Structure formats: structure tokens, C-alpha cells
Amino acid sequence: MRTFNALMARGFDSEAAHRLTQAGYTLNSLKQLNAKQLLDLNIPSELIKILLQEPRPPIPSETLNQVLYESRMTCCVCRDRSQGIIVHHIQEYSSSRSHAEDNLVVLCLNHHGEAHTKRELQLNLTPERLHEFKKRWLKDVKQYDHREAQRANIGYSYQAIKQISD
């Protein structure tokens, strides 16, 4: 799990991080490989640069874990749990220098590509739209968690708690 999180913190998608972890690689063992060896592992060149040169610090593990947990490791746009995911900076890190939770969103690989695509005639996944998708998804997750907790603890309904407190 540690290697998986370390790779996710550096911009790897969940499928690539899982594949490399399952193959027995660690972050340190990957950093010992040269660019050609990393390419042979089907690692994109932009991620090879991140591995070998660390142009930006990784997302702090506490922040990464919180973002992944809150979102249930699910894209906030399509909410398709079967898709690989990536943690995306809403405001690009190169300009924001921020790994803050409110600047991070979980996207599937398809929507991550959409977030980096600019079109003139179609709706784009702008930072504003990403914030809105994230806000709605986190609200829905909390409501779902609340309903599940109520089902698990029927004796602890709001009315029962209110009676106890009165």
C-alpha cells in the first residue's frame, strides 16, 4: 500500500500504480531504473521525469489519503467505481504550488484527460466545474454514509438520541 500511495502522490493513475506494485516494484526500485527501463514498463515519459527528477514534491500522504478516502477512490464526475483514478490538481501545481485538499480532486483517466483539454465550443472541465463536481460528490458520499450508519444502528436514530439527551 505504501508504494501504491507513493506513486499516486506523484501523479500515477491507480491502474499503473497497482500494476507496478503487483509486479514487486517499490518507489526506490523504480528510481534505480533508467529511462529506457521505465519506458519498457509502460510508464509515460512525463511520469518518468517525475520519478527520476522529482520536479515537484509529492502530495503529502495524509492529504492524499484524505482525498482518496473522502471520495471513496471514485471519480467525482462520472462516479464510475470500475475506472482507474488519478488525483488531479484543480489549479495546476506549477502555478498554484498547492497540494491542499481543496485543490485536489479524484478523476477517472477519461475525465483527467478532459480536464487537460481546452475546447472552444464544448463545455470544458474548468476549475470551477471541477470544484462543483467535487462538492456535489462529497455531499452525496456523506449522505450515503449517514444512511448506512443509520441502517447499522437502528436503535440510534435521531429520535432515540434526542430522547436520551432530553
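No experiment lies behind these values; they were computed from the predicted model shown. Sequential numbering from 1 along the given sequence is applied to the chain's residues.
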Working to the nearest 0.5 Å, report the span between CG of Leu41 and NZ of Lys36. 10.0 Å
Could you grab the distance from atom SG of Cys76 to atom NZ of Lys135, nearest 0.5 Å is fine? 13.0 Å
Can Leu64 be reached from Phe12 by stepping across I, L, V, M, F, W or Y side chains whose heavy atoms are under 4.5 Å apart? no
Between Trp137 and Lys134, is a side-chain contact (heavy atoms from CB on, under 4.5 Å) present by the stated rule, with each step listed? CA-CA 5 Å; Trp137 174 233; Lys134 179 180 179 178; 5.9 Å; no
Measure from the side-chain N and O atoms of Ser29 to the backbone N and O of Tyr25, and report whether any donor-acceptor pair falls under 3.5 Å. no
How close do Val106 and Ser71 get, heavy atom to heavy atom, and via which atoms? CG2-OG, 3.1 Å
I'd like to know whether Leu30 forms a side-chain contact (heavy atoms from CB on, under 4.5 Å) with Thr3, so could you lay out the CA-CA distance, the side-chain angles of the two residues, the decisive distance to 0.1 Å, and finally the verdict. CA-CA 10 Å; Leu30 289 168; Thr3 297; 5.5 Å; no
Do Asp13 and Ile85 touch side chain to side chain, with heavy atoms closer than 4.5 Å? no
What's the spacing between Glu46 CD and Leu51 CG if we round to 0.5 Å? 11.0 Å
Salt bridge or not for Asp140 and Arg79, using N-O below 4.0 Å? yes
Please confirm whether the ring centroid of His88 lies under 6.0 Å from the ring centroid of His116. yes
Verify same cluster id: Leu20, Ile48 (apolar side-chain graph, 4.5 Å): yes
Derivation and outcome, salt bridge (charged side-chain N to carboxylate O under 4.0 Å, His left out), residues Arg136 and Glu132: CA-CA 6 Å; Arg136 279 191 251 149; Glu132 188 56 37; 3.4 Å; yes
Should the heavy atoms of other residues, nucleotides or ligands under 6.0 Å from NE2 of His18 be counted, would the total exceed 12? no
Taking the side chain as everything from C-beta on, heavy atoms only, tell me whether Met8 gets closer than 4.5 Å to Ile86. no
Below 4.5 Å, heavy atoms only, C-beta onward: do Gln83 and Cys75 meet side chain to side chain? no
Side chains of Ser82 and Asp80 only: does a donor on one sit below 3.5 Å from an acceptor on the other? yes
Could you verify whether a donor N or O on one side chain and an acceptor N or O on the other, from Glu62 and Gln66, lie under 3.5 Å apart? no
What closest approach, in Å, do Asp102 and Ile90 show between heavy atoms, and which atom pair accounts for it? O-CD1, 3.8 Å
So CZ of Arg19 and OG of Ser14: to nearest 0.5 Å the spacing works out to 11.5 Å
Locate the shortest heavy-atom distance separating Thr63 from Glu101; write the atom from each residue and the value. CG2-CG, 3.7 Å
Among Leu130, Val105, Asn103, side-chain contact (heavy atoms from CB on, under 4.5 Å) partner for His89: Asn103
Among the clusters formed by ILVMFWY side chains lying less than 4.5 Å apart, do Val141 and Met73 turn up in the same one? no
Arg147 CZ: over 12 foreign heavy atoms closer than 6.0 Å: yes
Examine His99 together with Tyr93 and report whether their ring centres are nearer than 6.0 Å. yes
CG of Leu38 to CD1 of Ile43, rounded to nearest 0.5 Å, is 4.5 Å
Could you tell me whether the side chain of Gln37 and the main chain of Asn34 form a donor-acceptor pair under 3.5 Å? yes
Considering non-hydrogen atoms only, spot the tightest contact between Ala115 and Leu107 and give its length. CB-CD1, 4.0 Å
Note: Arg81 and Thr74 closest approach over all heavy atoms is CG-OG1, 3.4 Å
Heavy atoms of Leu125 and Phe133 approach each other most closely as CD2-CE1, 3.8 Å
Hey, are the side chains of Arg10 and Leu27 touching, using non-hydrogen atoms and a 4.5 Å cut-off? yes
Residues Lys31 and Glu54 bridged, charged N to O under 4.0 Å: yes
Full working for side-chain contact (heavy atoms from CB on, under 4.5 Å) between Leu109 and Glu15: CA-CA 10 Å; Leu109 303 182; Glu15 291 174 348; 3.8 Å; yes
Going hydrophobic residue to hydrophobic residue with side-chain gaps under 4.5 angstrom, can you get from Leu39 over to Ile50? yes
